[in-house]
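Report on the following structure.
In what follows, every heavy atom counts, from backbone to side chain, and hydrogens, waters and symmetry copies are set aside. In what follows, chains are A, B, ... by sequence order, proteins preceding strands, each numbered from 1. What you see is a predicted model, and the numbers here were worked out from it, not measured in a lab.
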2 protein chains.
Amino acid sequence: MQSTHIADFRPGMAAAQPTGHEAGRQRQGRLWSNLKEVCDLLHIPSFNIAQTDELLFQHVQFKTGQRIHTIGQPFDMLYVVNSGFLKTVLIDEFGNEQVLSFPMKGDMMGVDGIHTRHYASEAVALSDCDLILLPFRKLASLGRTHVELENMMYGVMSRELVREQAMIGMLGALSAEARVARFLVSLADRFAQMGYSSKLFNLRMTRHEIGSYLGLTLETVSRTLSAFNEVGLISVDQRTIGIKDPDALKNLRRLPPSRARGRQNGAAARARAAEAAETAAAAPAPHTAPPLLAAV
Amino acid sequence: MQSTHIADFRPGMAAAQPTGHEAGRQRQGRLWSNLKEVCDLLHIPSFNIAQTDELLFQHVQFKTGQRIHTIGQPFDMLYVVNSGFLKTVLIDEFGNEQVLSFPMKGDMMGVDGIHTRHYASEAVALSDCDLILLPFRKLASLGRTHVELENMMYGVMSRELVREQAMIGMLGALSAEARVARFLVSLADRFAQMGYSSKLFNLRMTRHEIGSYLGLTLETVSRTLSAFNEVGLISVDQRTIGIKDPDALKNLRRLPPSRARGRQNGAAARARAAEAAETAAAAPAPHTAPPLLAAV
DNA sequence: CGGGTACTTGACTCTCATCAAAGCGCGTGG
DNA sequence: CCACGCGCTTTGATGAGAGTCAAGTACCCG
């Protein structure tokens, strides 16, 4: 899709990139993973997982644009992302998409289907993907004998819940600029965790999808990225993002008004942006303060 | 402003109110519930729960304003609300509260503590409460022998996840008026489910807390309630809310501009408000439409 | 190349936050 | 029992942030 102008550092990325299918073995012409590999992928401590090589979970591949599951479809599977990038969306009563998450390596999908036995969201591959299938019924019964597995389930579900709580807090309380900044930081962190570069990466999603995820319009996302670029917090070239000042991004609440950052060198502007964040961070923070945004 | 005209049916509310502690038995001067009672409370089908009267869970009472657990506190308990009203909040880095939920009878709290073994949120009683304690470790090990219990756990956690997803969708895509409208509807539904009146109830939370929950300011909440009152969708008297037109509220996206609803009788205004909702609902809904709000 | 999709940028609008000032209600203490 | 005070709520005026509409550009793919 966006191939040419980043071809130069694709090699670098490929080098940093784990080989993708490192987990799993061939069998019957398909990939399979054992319990330990799944736990490792999910970052769940799996101390004494017994010899579980007879306990294998099958992989499935999806190509860009394919749907993994749709809303209302009968639930029977959980999915763990082994490689690739996806989005999960809600479709409202008017057919509009609301992006809920961007699952990538190590994330679990499908948990929202357990309750009603039907998936509550839709998952779509944003790139070619390799997913591990976890049949839920089988998994639950296994959990009864393998305590670690049960812990894994509870842990992953709880983690997901906490993640969504953080999302709600962000949507409820942060400005557009702060949302975009945190989105970039969290992406960078996840890339780092996966062994990619956290300083330079490719967005796998469109501005529209980012906007939907953050509760903003695509124009606002685009403008905000441009503004960050202008003050030197990041570099933007289409879907290629370079993180220049992660700390300032992490703490950013509001950029100085645009008229105040007209003709000047980037360093000075960046310094002031960072300063704005620091100032906010150092504020006394009365417990009774209004919920939204400190002054700059 | 609008104080007197609902005092007349205050008594009716008290009558509709269940007696609160109907679940549970006395023992050692305290209330205890068995597994079946807990499942019923959570609305989890519990077909063949064996004789589990030796499996008892203790109740605890909290008074208005008391904290059930705080952020960072070591996790060991889940809580099920047997009676009363609470809020759960996140505290951001500046000390501002972000309300995450308003748990009431049948809701489970504390699930966010499983992952890190520390509660990720804080729970506060908005009224006197009676909670059932579920020691998590004990519960998990019981789940291995009582399959229904395990299903209950997964089901409740998944349900919570779906609820938060809906919240994210709402925060990301709806106008202030639509958010308040849906908040009222969802409250009404929950009251109905609990056996209270869904037409007339008391808010247990302040405008500030509602605003925090919905990502709005308290002034916007207040103004929106007043506007709904003005067009006859609801009646408002401080914390007492009367639902007049639930269907219009459910579908409402945007009220007609205020200048268009100046001097006129309420019925006509309500009709137009409902119509606005219907119109939006009947729209063709192209899949590619912008994420936010149809026109009126 | 040419068509289409994604992205950027500008001008304008409008919703909602902010600031401010009164009412109202309820509990406390005189 | 009433007066006082404080927190909650309402309402108004104002403005800033973000959405909407509209070109125009860059990029991708057949």
Side-chain angles (χ1 to χ4, degrees), chain A residues 1-7 64-65 126 171-180 202-212 214-230 236-241 253-260 288-296, chain B residues 1-4 7 64-65 96 126 171-180 202-212 214-230 236-241 253-259 288-296:
Chain A
M1 198 164 293
Q2 63 293 4
S3 58
T4 57
H5 62 96
I6 40 92
T64 306
L126 296 179
L171 290 175
L174 294 188
S175 71
E177 283 163 350
R179 291 184 209 184
V180 174
N202 263 279
L203 300 175
R204 300 318 209 284
M205 63 294 282
T206 67
R207 304 286 192 263
H208 181 85
E209 286 161 342
I210 297 173
S212 171
L214 297 176
L216 304 170
T217 59
L218 76 171
E219 293 97 329
T220 299
V221 173
S222 177
R223 271 189 254 272
T224 306
L225 290 176
S226 297
F228 287 173
N229 181 55
E230 204 182 331
V236 185
D237 174 29
Q238 296 293 117
R239 301 224 178 149
T240 303
I241 301 286
R253 298 213 119 192
R254 179 106 50 206
L255 239 33
S258 62
R259 56 194 162 288
T288 56
L292 297 219
L293 303 176
V296 305
Chain B
M1 181 87 220
Q2 63 290 13
S3 61
T4 55
T64 306
N96 300 320
L126 296 180
L171 289 175
L174 294 188
S175 70
E177 283 163 349
R179 291 183 210 182
V180 175
N202 263 282
L203 300 175
R204 302 318 210 282
M205 62 295 283
T206 68
R207 303 286 191 265
H208 181 86
E209 286 161 342
I210 297 173
S212 171
L214 297 176
L216 303 170
T217 58
L218 76 171
E219 293 97 330
T220 298
V221 173
S222 177
R223 269 188 254 272
T224 306
L225 290 176
S226 297
F228 287 172
N229 180 56
E230 204 182 330
V236 185
D237 173 35
Q238 295 294 116
R239 304 239 177 135
T240 303
I241 301 286
R253 299 213 116 193
R254 179 100 56 201
L255 240 32
S258 62
R259 55 193 161 288
T288 56
L292 296 221
L293 302 178
V296 304

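The closest side-chain heavy-atom distance from A:Leu216 to A:Val180 is below 4.5 Å. When side chains are defined from C-beta on, B:Leu174 counts as touching B:Arg253, because their heavy atoms get closer than 4.5 Å. Side chains of B:Gln238 and B:Leu203 form no contact here, defined as non-hydrogen atoms less than 4.5 Å apart.
Regarding A:Leu225, its CG atom lies at a distance of 16 Å from the P atom of C:dA6, rounded to whole Å. To the nearest angstrom, P of D:dA18 lies 12 Å from CG of A:Leu214. In this structure, CD of B:Glu177 is placed 11 Å from C1' of C:dC16, rounded to the nearest angstrom. The nearest whole Å value for the distance from the CG atom in A:Leu218 to the P atom in D:dC21 is 13 Å. The separation between B:Phe228 atom CZ and D:dT10 atom P is 13 Å, rounded to whole Å. In this structure, A:Leu171 places its CG atom 13 Å from P of D:dA18, rounding to the nearest Å. In this structure, CD1 of B:Ile210 is placed 16 Å from P of C:dC16, rounded to the nearest angstrom. Distance A:Leu203 CG to C:dA6 C1': 13 Å, rounded to the nearest Å.
Across all their heavy atoms, B:Leu171 and A:Gly172 have their closest contact at CD1-N, 4.5 Å. Taking each heavy atom of A:Val236 and A:Arg207 in turn, the nearest pair found is CG1-NH2, 3.9 Å.
Not one side-chain nitrogen or oxygen of B:Arg207 sits closer than 4.0 Å to the OP1 or OP2 atom of D:dC8. Remark: A:Arg239 is in phosphate contact with C:dC7, judged by side-chain N or O atoms under 4.0 Å from OP1 or OP2. Look at A:Thr206 and you won't find any side-chain N or O under 4.0 angstrom from OP1 or OP2 of C:dT5.
Among the nucleotides D:dA18, C:dC16, C:dT8, the one closest to the side chain of B:Ser175 is C:dC16. Closest to the side chain of A:Gln238, out of C:dC7, C:dC16, D:dG19, is C:dC7. Listed nucleotides: D:dT20, D:dT11, C:dT8. Nearest to the side chain of B:Ser222: D:dT11. In this structure, of C:dA17, D:dG19, D:dT10, it is C:dA17 that holds the atom nearest to the side chain of B:Thr217.
Scanning atom types as modelled, no donor and acceptor separated by under 3.5 angstrom connect the side chain of B:Arg253 and the base of C:dT15. Judged by distance alone with a 3.5 Å cut-off, a donor-acceptor contact links the side chain of A:Arg223 to the base of C:dG10.
Nearer to the 5' terminus of DNA chain D, by closest-nucleotide assignment, is the contact made by A:Ala176 (compared with the other of A:Glu219 and A:Ala176).
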